[in-house]
J.: 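After the structure tokens below, expect a handful of questions from me.
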Amino acid sequence: MRRIGQRTRRPGARGWARRVRAAMVLVVCASLVVTACGRSGDEDERPFDPTATEAPSPELQKYYSQRLDWKKCEDRNLQCAWLTVPMDYADPGGETIEIAVARKRADDSVGSVVFNPGGPGSSGVDYVSTVVGQAGAKLRKNLDVVGFDPRGVQRSAPITCLSDADLDRFFSTDIDASTPSGLTTAQTAADRFAQACLDNTGPLLAHVDTVSAARDMDVLRAALRETTLTYLGFSYGTQLGATYAELFPDRVGRMVLDGAKDPTLSPSQWSVVQAGGFESALRAYAADCLKARDCPLSGTVDDAVGQVADVLDEARAHPMRTDGRRALTGTLAFYGVAVALYSQGNWSHLTKGLRTAIGNGDGTYLLWLSDRYLDRDGDGVYTANSIVAFLAIGCVDARGDADPAAMAAEAAELKTASPTFWRYFAYGAVGCANWPVPLPEPLTSYTAEGAPPIVVVGTTNDPATPYAQAQSLAAMLDSGVLVTYKGEGHTAYLTAGDCIQDAVDDFLVDGTVPEDGLTCE
């Protein structure tokens with residue numbers, strides 16, 4: 001019997017980051033497996049509207065007509081199922097793939113809310129328990145919480161590339177791509193990674209794009225017997241939601257996009273925006289740290305930020321010792337610093353990592369943070385394919401300008417936007433330059449004309465999806481409604497308090513549209 005496994009987050013004040021560029025999720029292993037004890041009761045007493053399963057074309061009708069065979073999971077509070085979709089929507093009679101789905105039934109269910117935790121590459125199946133544990137009581141009481149692994153992610157025909165040992169080398173090596181020899185080295189490594197993804201994943205690699213994933217969501221909506229899609233998307237999940245809204249505006253129900261990403265930005269533009277977001281988050285962290293007695297930083301905020309930059313530079317020049325066999329390189333140190341900036345609740349981890357690095361020249365704790373970023377356990381096993389899927393899906397969706405002069409110009413912009421982190425965003429276009437599958441036809445608009453109100457939530461000092469992105473997406477959507485959280489961290493609904501949570505719950509459950517421009521603190 002096929003299994004749907006689950007990993008759950010360790011609890012924390014804000015939780016760990018949903019991957020946008022390369023954020024990570026702190027997880028421990030548990031299991032969510034389909035048991036052999038029979039059906040768990042997928043019957044739904046709500047009235048069924050036959051129009052819910054009408055397909056966009058006759059060739060897709062067999063997918064839209066399917067029913068999910070819900071079975072109890074090993075976690076008896078959850079149910080698991082598989083959704084069948086075409087690998088290539090241009091060839092619906094061809095090869096199929098299966099999408100892993102999990103849900104938590106509501107006590108007084110009036111429908112379902114489908115969510116995506118971000119990425120691309122993060123697992124919605126893994127995240128069901130977190131959403132259930134942290135969502136508002138009103139949502140949990142009235143809506144079934146449904147998570148899925150998008151195509152190419154974790155259980156849903158997962159993208160596979162390098163071995164664990166090769167991934168260690170790929171993610172830890174410091175390369176100065178600003179030099180001709182360094183650029184050649186970087187391109188060679190990127191091309192090897194891309195070819196390995198094609199060799200080990202096969203033809204699916206050409207079909208892990210966001211548009212295809214959005215089409216899968218409409219098949220899921222039909223299989224849930226919902227006439228419209230009620231959806232909660234975090235981070236990259238906002239791009240996925242906006243894509244769905246553009247493709248199926250008449251099927252949009254109550255949609256919330258939290259930690260919004262502007263889907264019209266080029267990879268180069270996005271790198272500059274996000275690098276600036278991390279720089280701003282680092283300054284906020286430094287200002288807060290300097291108030292504490294145990295802060296390893298000193299002087300002004302500028303001085304403190306410079307001291308963090310010194311740690312990264314030192315690790316690049318002379319990888320730091322750790323208590324294991326691996327040293328902390330500059331790239332791994334960046335991962336360790338960046339991941340803690342996603343949530344103010346995790347700033348204490350950054351303080352601990354910097355204290356040991358600055359005080360003792362010991363990179364052990366920053367390396368531990370980096371491993372959480374990469375979903376790597378203490379035995380060297382990559383327990384999820386989230387970072388691999390992130391890279392692959394990104395390259396299928398869009399590719400930056402890999403001309404050396406263009407990348408050098410981008411590097412100069414990055415250095416201005418983020419004097420601390422710029423080099424870890426620069427020359428990123430080499431990663432997709434020779435990606436071995438064609439680009440799909442891009443969407444030309446994200447207005448979602450005809451869709452009902454779509455709520456866009458932005459946090460004013462969000463490091464991964466800076467606030468201006470929420471403003472852009474809300475303005476771009478014909479029916480966009482902007483809700484603002486004044487604070488730190490990436491995304492707001494699960495962590496920012498009652499004001500945001502009540503506004504989102506009232507909208508998702510009752511359809512009460514929040515006031516455009518609502519601001520919560």
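Since the model is a prediction, treat every value here as computed from it, not as a measurement.
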J.: Between atom OG of Ser112 and atom CZ of Arg225, what is the distance when rounded to the nearest 0.5 Å?
T.: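 Separation between the atoms: 12.0 Å.
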
J.: Quick one: do Asp108 and Lys141 make a salt bridge, cutoff under 4.0 Å?
T.: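 Salt bridge between Asp108 and Lys141, a charged N being under 4.0 Å from a carboxylate O: yes.
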
J.: Take the angle between the ring planes of Phe425 and Phe278 and call it parallel below 30°, perpendicular above 60°, tilted in between.
T.: tilted

J.: Has the side chain of Thr201 got a donor or acceptor atom that lies under 3.5 Å from a matching backbone atom of Thr160?
T.: yes

J.: Are any of the side-chain heavy atoms of Tyr64 and Pro56 separated by less than 4.5 Å?
T.: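 Yes, close enough: below the 4.5 Å cut-off.
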
J.: Taking the six-membered ring for Trp, are Tyr231 and Tyr244 closer than 6.0 Å centroid to centroid?
T.: no

J.: How far apart are the closest heavy atoms of Val388 and Leu167, and which atoms are they?
T.: CG2-CD2, 4.0 Å

J.: Given the rule in the side chain to side chain donor-acceptor pair (under 3.5 Å) test, do Tyr236 and Thr210 qualify, once you have shown the distances and angles that lead to the verdict?
T.: CA-CA 10 Å; Tyr236 161 81; Thr210 297; 2.6 Å; yes

J.: Quick check: are there more than 12 heavy atoms from other residues, nucleotides or ligands sitting under 6.0 Å from CD of Gln195?
T.: yes

J.: Salt bridge check, Arg221 against Asp218: does any charged N sit closer than 4.0 Å to a carboxylate O?
T.: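 Answer for the salt bridge query: yes.
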
J.: Using only atom types and a distance under 3.5 Å, with no angle test, would you say the side chain of Thr238 pairs donor to acceptor with the backbone of Lys261?
T.: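 Side chain of Thr238 to backbone of Lys261, a donor-acceptor pair under 3.5 Å: yes, one is there.
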
J.: Between Arg372 (side chain) and Arg376 (backbone), is there a donor-acceptor pair under 3.5 Å?
T.: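 Between the backbone of Arg376 and the side chain of Arg372 there is a qualifying donor-acceptor contact (under 3.5 Å).
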
J.: Are a donor atom and an acceptor atom from the side chains of Ser235 and His490 found within less than 3.5 Å of each other?
T.: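 There is such a pair (donor and acceptor under 3.5 Å, judged by atom type) between the side chains of Ser235 and His490.
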
J.: Residues in side-chain hydrogen bond (donor to acceptor under 3.5 Å, both in side chains) with Asp258, at least two apart?
T.: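 By the side-chain hydrogen bond (donor to acceptor under 3.5 Å, both in side chains) rule, Asp258 matches no residue at all.
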
J.: Is the gap between the ring centers of Phe193 and Phe170 under 6.0 Å?
T.: yes

J.: Among Asp502, Asp505, Asp510, exactly one meets salt bridge (charged side-chain N to carboxylate O under 4.0 Å, His left out) together with Lys138. Which residue is that?
T.: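 Single pass found, and it is Asp510.
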
J.: What class does the angle between the rings of Tyr424 and Phe334 fall in, given that below 30° is parallel, 30 to 60° is tilted and above 60° is perpendicular?
T.: parallel

J.: For the pair Glu95 (side chain) and Pro86 (backbone), establish whether a donor and an acceptor sit closer than 3.5 Å, ignoring hydrogens and angles.
T.: no

J.: Please tell me if the side chains of Asp126 and Arg155 come closer than 4.5 Å, counting only heavy atoms from C-beta onward.
T.: yes

J.: Decide, yes or no, whether a salt bridge links Asp69 with Lys71 under the criterion of side-chain N to carboxylate O below 4.0 Å.
T.: yes

J.: If you define the side chain from C-beta out and look only at heavy atoms, does anything of Ile393 sit under 4.5 Å from Val153?
T.: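 Yes, side chains in contact.
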
J.: For a 4.5 angstrom cut-off between non-hydrogen side-chain atoms, does Val483 reach Ile500?
T.: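 They are in contact (side-chain heavy atoms under 4.5 Å apart), so the answer is yes.
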
J.: Answer with yes or no whether the side chains of Tyr446 and Thr264 bring together a donor and an acceptor at under 3.5 Å.
T.: no

J.: Strictly distance-based, threshold 3.5 Å: is any side-chain N or O of Thr243 a donor or acceptor partner for the main-chain N or O of Ala214?
T.: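 Judged by distance alone, no pair lies under 3.5 Å.
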
J.: Side chains of Tyr89 and Asp216: donor-acceptor distance under 3.5 Å anywhere?
T.: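 Looking only at side-chain atoms, Asp216 and Tyr89 do form a donor-acceptor pair, the distance falling under 3.5 Å.
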
J.: So, the side chain of Ser479 versus the backbone of Pro452: is there a donor-acceptor pair under 3.5 Å, distance only?
T.: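 Present.
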
J.: Before you tell me yes or no, could you show the steps for Gln154 and Ser123 under side chain to side chain donor-acceptor pair (under 3.5 Å), namely the whole-Å CA-CA distance, both residues' side-chain angles and the distance that decides it to 0.1 Å?
T.: CA-CA 7 Å; Gln154 195 66 352; Ser123 164; 5.8 Å; no

J.: Between Gln274 and Ala464, is there a donor-acceptor pair closer than 3.5 Å when you use the side chain of the first and the backbone of the second?
T.: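 Side chain of Gln274 to backbone of Ala464: a pair is present.
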
J.: Under a 3.5 Å distance rule, please check whether Asp462 uses its side chain to pair with a backbone N or O of Gln469 as donor and acceptor.
T.: no

J.: Is there a side chain to side chain donor-acceptor pair (under 3.5 Å) between Ser445 and Thr447 once you walk through the steps?
T.: CA-CA 6 Å; Ser445 169; Thr447 60; 3.1 Å; yes

J.: So does Pro267 get a backbone contact from the side chain of Ser271, meaning a donor-acceptor N/O pair under 3.5 Å?
T.: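 Here the side-chain-to-backbone pair exists.
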
J.: For the residue pair Asn461 / Ser280, report whether a side-chain donor-acceptor contact shorter than 3.5 Å exists.
T.: yes

J.: Check whether Arg103 reaches the backbone of Gly147 with its side chain - one donor and one acceptor, N or O, closer than 3.5 Å.
T.: no

